[in-house]
Trainee: 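Pasting in a structure now, in C-alpha cells, and then I'll have a few things to ask.
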Amino acid sequence: MSDLRTKALDDFRRCCKDRGLAFTFQRQVIYEAVVDSREHPTPELIYEQVRQRIPSISLGTIYKNVKTFLDSGVLKEVTLHHGTLRLESNMTPHHHLVCSSCKAIFDIEESAVEPVQFPKTRLPAGFSIQHCRVEFTGVCKSCRTNRRKTSKASS
Ligand SMILES: [Zn+2]
Ligand SMILES: [Zn+2]
C-alpha cells in the first residue's frame, strides 16, 4: 500500500469518527475505489471496482454510501453540470481541466490559477459567493492522439 493511500485511509477513518459515521469494511472499499481512481469516477465506475472485492454489493448500496459521503463531506462532487455525478476524495481546494471529448477530469492546484476576482458590485442582488471553481476545457492527450490517427486513416 502506498503512503498516499495509507494517509487517505487515515483521513477517512478520522473523518468518519468526526462525523459520527460507522467505519465499515464496505465503506472503506468504496472510499478506496475513489482514492485509487485518478479519474474523478462516476458511481458506476466505483461499482465496477468495488464489485471485484465485494461481489455481492449492489449499485444501490454504492449510491446510498456515496450520498452519505457527500452529505457528510467525506467526498466531494466535482461539477454540477456535466449530467453525471463525478466524485473525488481530494478535499484540498483546487480547479479542474476537463477533456471535452472523453470527459476526463484532471486536477490543477489552486495556486496554478490566477486569483479569480468578481466585483461585489456586479453580483445579482442578494447573492453571496461561497466557492469559486475554475474549469478549463480542452482535449486530453489520448483524445488528441486518437483524433490524429482517425484523421490520418480517413485521408
Ligand atoms: Zn479525452
Ligand atoms: Zn479534482
Side-chain angles (χ1 to χ4, degrees), residues 1-19 21 23-24 26-54 57 59 61-118 127-155:
M1 204 188 272
S2 73
D3 285 354
L4 206 76
R5 200 155 179 251
T6 314
K7 194 192 162 294
L9 264 189
D10 280 351
D11 288 348
F12 177 57
R13 213 169 275 141
R14 203 172 319 118
C15 234
C16 284
K17 216 176 141 217
D18 289 352
R19 291 164 170 87
L21 282 184
F23 180 84
T24 63
Q26 200 179 58
R27 285 189 173 149
Q28 180 192 324
V29 173
I30 295 172
Y31 184 78
E32 280 175 344
V34 182
V35 173
D36 287 346
S37 166
R38 292 271 157 267
E39 304 163 37
H40 300 75
T42 61
E44 289 76 12
L45 209 76
I46 295 168
Y47 174 58
E48 293 305 319
Q49 293 300 314
V50 172
R51 230 167 35 150
Q52 291 170 22
R53 292 173 68 189
I54 313 176
I57 204 156
L59 183 58
T61 306
I62 303 282
Y63 274 120
K64 219 168 61 197
N65 279 287
V66 159
K67 185 167 185 316
T68 308
F69 286 166
L70 288 174
D71 288 347
S72 54
V74 173
L75 291 180
K76 209 162 65 177
E77 186 174 353
V78 179
T79 50
L80 303 163
H81 54 87
H82 287 291
T84 44
L85 175 60
R86 302 284 293 265
L87 302 159
E88 68 179 340
S89 57
N90 181 357
M91 302 305 273
T92 316
H94 63 278
H95 302 299
H96 288 124
L97 295 173
V98 182
C99 173
S100 55
S101 174
C102 70
K103 308 292 181 217
I105 303 175
F106 305 89
D107 286 346
I108 346 170
E109 278 175 52
E110 199 177 33
S111 61
V113 176
E114 296 272 334
V116 182
Q117 305 279 347
F118 195 97
F127 194 96
S128 104
I129 292 180
Q130 290 171 321
H131 300 289
C132 165
R133 293 176 182 169
V134 178
E135 199 178 272
F136 298 91
T137 49
V139 183
C140 77
K141 193 179 171 191
S142 67
C143 288
R144 264 182 36 218
T145 318
N146 287 342
R147 235 181 235 186
R148 220 174 290 144
K149 271 192 210 133
T150 326
S151 61
K152 253 188 209 149
S154 59
S155 63

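Numbering of ligands and ligand atoms starts at 1, following listing order. Remember, predicted model here, so these are calculated numbers, not experimental data.
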Trainee: Using side-chain heavy atoms (C-beta onward) and a distance below 4.5 Å, is Val98 in contact with Val78?
Mentor: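 In short, these two side chains do not touch, never coming nearer than 4.5 Å.
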
Trainee: Do the side chains of Arg14 and Asp10 get close enough for a salt bridge, i.e. N-O under 4.0 angstrom?
Mentor: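 The answer is no: the pair does not qualify as a salt bridge.
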
Trainee: Should Arg86 and Glu39 count as an ion pair when the cut-off is N to O under 4.0 Å?
Mentor: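 Glu39 and Arg86: not salt-bridged.
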
Trainee: Measuring to the Zn ion (ligand 2), does His95 have an N/O/S atom at a distance below 2.8 Å?
Mentor: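 Given the 2.8 Å cut-off, His95 does not count as a ligand of the Zn ion (ligand 2).
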
Trainee: Can you tell me which N/O/S atom of His96 has the shortest distance to the Zn ion (ligand 2)?
Mentor: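 Distance check against the Zn ion (ligand 2) picks out NE2 in His96.
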
Trainee: Relative to the Zn ion (ligand 2), which of the N, O or S atoms in Glu88 is the closest?
Mentor: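 Per the distance ranking, Glu88 contributes OE1 as its closest N/O/S atom to the Zn ion (ligand 2).
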
Trainee: Quick one: does any side-chain atom of His94 pair with a main-chain N or O of Glu109 as donor and acceptor, under 3.5 Å?
Mentor: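 Not at all, since once roles are kept as given, no pair shorter than 3.5 Å links the two residues.
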
Trainee: Report the name of the N/O/S atom of Asp107 located nearest to the Zn ion (ligand 2).
Mentor: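 For Asp107, the N, O or S atom at the smallest distance from the Zn ion (ligand 2) is OD1.
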
